[in-house]
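Taking it in order: structure first as structure tokens, then the write-up.
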Amino acid sequence: MTEEHQGGSRGWTAARKGVWSWLRFTSLRLRLVLVFGLVALTAAVSASGIAYWLNREAVLTRTQDAVLRDFEQEMQNRAGALSEHPTQDELQHTAGQMANSSQRFGVLLVAEDADGDTVYGSSGGLDGFALSDVPESLRTAVNKEQKLTSANKHPYHLYWQRITDDDTPYLVAGTKVIGGGPTGYMLKSLEPEAKDLNSLAWSLGIATALALLGSALLAQALATTVLKPVHRLGVAARRLGEGRLDTRLRVSGTDELADLSRTFNSAAENLEKRVADMAGREQASRRFVADMSHELRTPLTALTAVTEVLEEELEFEGEGGSFDPMVEPAVRLVVSETRRLNDLVENLMEVTRFDAGTARLVLDDVDVADQITACIDARAWLDAVDLDAERGIHARLDPRRLDVILANLIGNALKHGGSPVRVSVARADDEIVIRVRDHGPGIPEDVLPHVFDRFYKASASRPRSEGSGLGLSIALENAHIHGGGITAENSPEGGAVFVLRLPQDPSPSTDEDAGDDGGTGGVPDDGSRGKDAKGQV
């Protein structure tokens with residue numbers, strides 16, 4: 001794939017992630033746009049609904065009042081001029097005249113002729129407005145005679161009703177001529193008004209949609225304005241979390257976001273100062289430990305030579321030497337403590353190398369079983385350790401550092417576990433897995449998380465032990481520099497199990513040509529698991 005195609009692919013991926021992050025409901029931007037949209041939609045729909053309802057009532061009421069007023073006037077002027085028993089032709093003629101009024105409605109007149117028969121006159125002829133077009137309830141109300149009172153001067157009144165026929169709205173009204181005469185009904189189509197109202201509804205709908213769109217655009221603009229500083233703050237916080245303590249925000253304005261940016265900058269500045277101060281103290285502490293270890297080496301060399309002479313004298317005394325019996329315990333104590341002090345200094349120097357990052361690997365092709373056998377044989381542990389290791393399992397490791405790891409794990413198992421100590425080797429994928437198990441009481445649960453801590457002792461009341469508390473820590477560092485690790489756990493069958501995992505071929509970043517870094521790489525520390533725990537720590 002060319003660089004251009006790779007760049008295009010990365011750009012498309014970034015754009016897709018950006019769109020997806022914008023569309024996520026957890027996105028503050030999307031929620032802000034949705035809230036603005038819902039508020040605008042609610043306001044626009046409410047305003048449009050109220051406006052439509054008010055305009056509808058105004059239009060219908062105005063039209064209705066004009067039609068009813070015209071119909072009532074026509075009934076008084078024209079229908080009221082007819083005789084009490086008109087003929088059908090007279091009704092037909094009068095209905096036609098009434099229909100020609102300014103409102104242009106249909107008219108139906110109903111009366112009794114001189115023979116007592118009911119006659120009809122419609123403005124639309126035989127196929128025009130008929131009595132069947134008038135609702136039964138309206139006819140009943142029109143023909144019902146009302147009781148005359150001081151408030152009701154007439155027995156009959158004008159009644160109206162809105163109906164719909166074939167999706168067309170109509171206004172129907174009816175009344176009787178005051179003083180006797182025909183009954184008149186009026187039918188007026190409200191289709192023009194309905195079309196006007198439909199146009200108004202469409203206009204209000206379009207206005208609502210435009211208001212919703214405008215609110216969404218406004219919300220997007222506001223979200224961009226408000227969330228851009230928040231995004232910058234998130235990026236700055238992420239950079240600060242990655243260790244870039246010199247990260248600062250550009251402050252502009254006097255609003256709450258500007259105050260937040262100033263607070264962030266102040267916190268970052270204080271954090272940078274504290275971290276720098278702590279780093280300086282840590283570096284000074286490491287330098288002190290390294291310098292102290294080097295300074296102790298010179299007198300320790302002399303003390304070691306003296307203790308060797310004293311040991312020879314002690315051995316000679318066992319063959320009949322002349323050591324004063326009162327001095328002999330002190331001599332033995334000096335020899336033991338000098339050896340212990342020498343081991344502690346060597347361990348401190350190794351820890352200093354790990355902390356300073358100067359420890360290096362010297363890799364070689366190692367038969368793991370042979371290396372374990374050599375470690376056990378060099379320390380005379382052959383009778384106390386069961387080895388379950390198949391020969392021919394090879395790995396590129398640092399033999400000296402592997403020996404340090406094995407010596408610490410097996411030595412701690414022998415001293416603080418229970419016999420027999422079993423060492424097994426297996427291959428898992430690209431790793432070498434070495435298990436060291438003892439048959440002791442196991443490690444207390446409260447101690448288990450701390451077994452690899454430096455200078456950790458299981459019993460705070462009895463901190464002194466034969467070891468320095470650095471052995472397992474150095475073993476773990478040596479495993480880490482190989483790209484592996486060590487875990488500690490209690491076996492369900494009893495005893496503790498330490499599992500060492502090492503890659504068969506460490507990362508190429510290790511320096512094979514750096515040579516040995518000096519020192520012993522950490523001597524086995526038999527006291528790192530805590531002698532006072534009555535088992536393992």
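One is the number of the first residue; the rest follow in order along the sequence. Heavy atoms only: backbone and side chains are in, while hydrogens, waters and symmetry mates are out.
Atom CG of Asp167 is surrounded by 12 or fewer heavy atoms from other residues, nucleotides or ligands within 6.0 Å. Shown here is Asp429, whose CG atom has no more than 12 heavy atoms of other residues, nucleotides or ligands within 6.0 Å. The local environment of CZ in Arg435 is sparse, with at most 12 non-hydrogen atoms from other residues, nucleotides or ligands closer than 6.0 Å. When the shell of 6.0 Å around CZ of Arg56 is examined, it contains 12 or fewer heavy atoms from other residues, nucleotides or ligands. Other residues, nucleotides and ligands contribute more than 12 heavy atoms inside 6.0 Å of the CG atom of Asp446. The environment of Asp383 atom CG is sparse: at most 12 non-hydrogen atoms of other residues, nucleotides or ligands sit within 6.0 angstrom. Around the CD atom of Glu493, the shell of radius 6.0 Å holds no more than 12 heavy atoms that belong to other residues, nucleotides or ligands.
Annotation for Ala44 and Ala211: closest pair CB-CB, 4.2 Å, computed over non-hydrogen atoms. Heavy atoms only, all atoms of each residue included: Phe452 and Ser473 are closest at O-CB, 3.6 Å. For the pair Leu245 and Glu272, the tightest heavy-atom approach, listed with the atom from each and the gap, is O-OE1, 3.5 Å.
Using a 4.5 Å heavy-atom threshold, the side chains of Asp367 and Ile393 count as separate. Between Arg250 and Arg232 the shortest side-chain heavy-atom distance falls below 4.5 Å. Looking at Ile372 and Leu402, their side chains never come closer than 4.5 Å, going by heavy atoms from C-beta outward. Side-chain contact between Leu361 and Ile481: present, with at least one pair of heavy atoms (C-beta onward) separated by less than 4.5 Å. Asp453 has its side chain out of reach of Val451: every pair of non-hydrogen atoms, C-beta onward, lies at least 4.5 Å apart.
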Stepwise salt bridge (charged side-chain N to carboxylate O under 4.0 Å, His left out) check, Arg274 with Glu269: CA-CA 9 Å; Arg274 289 180 179 271; Glu269 184 177 357; over 6 Å; no
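A distance of 12.5 Å separates CG in Leu213 from OG1 in Thr208, rounded to the nearest 0.5 Å.
Remark: the backbone N or O of Ile405 is not paired with any side-chain donor or acceptor of Asn478 at under 3.5 angstrom. Not a single donor-acceptor pair under 3.5 Å links the side chain of Gln371 to the backbone N or O of Val366.
Ion pair Arg501/Asp430 not flagged as a salt bridge, since none of the NZ, NE, NH1 or NH2 atoms sits closer than 4.0 Å to an Asp/Glu carboxylate oxygen.
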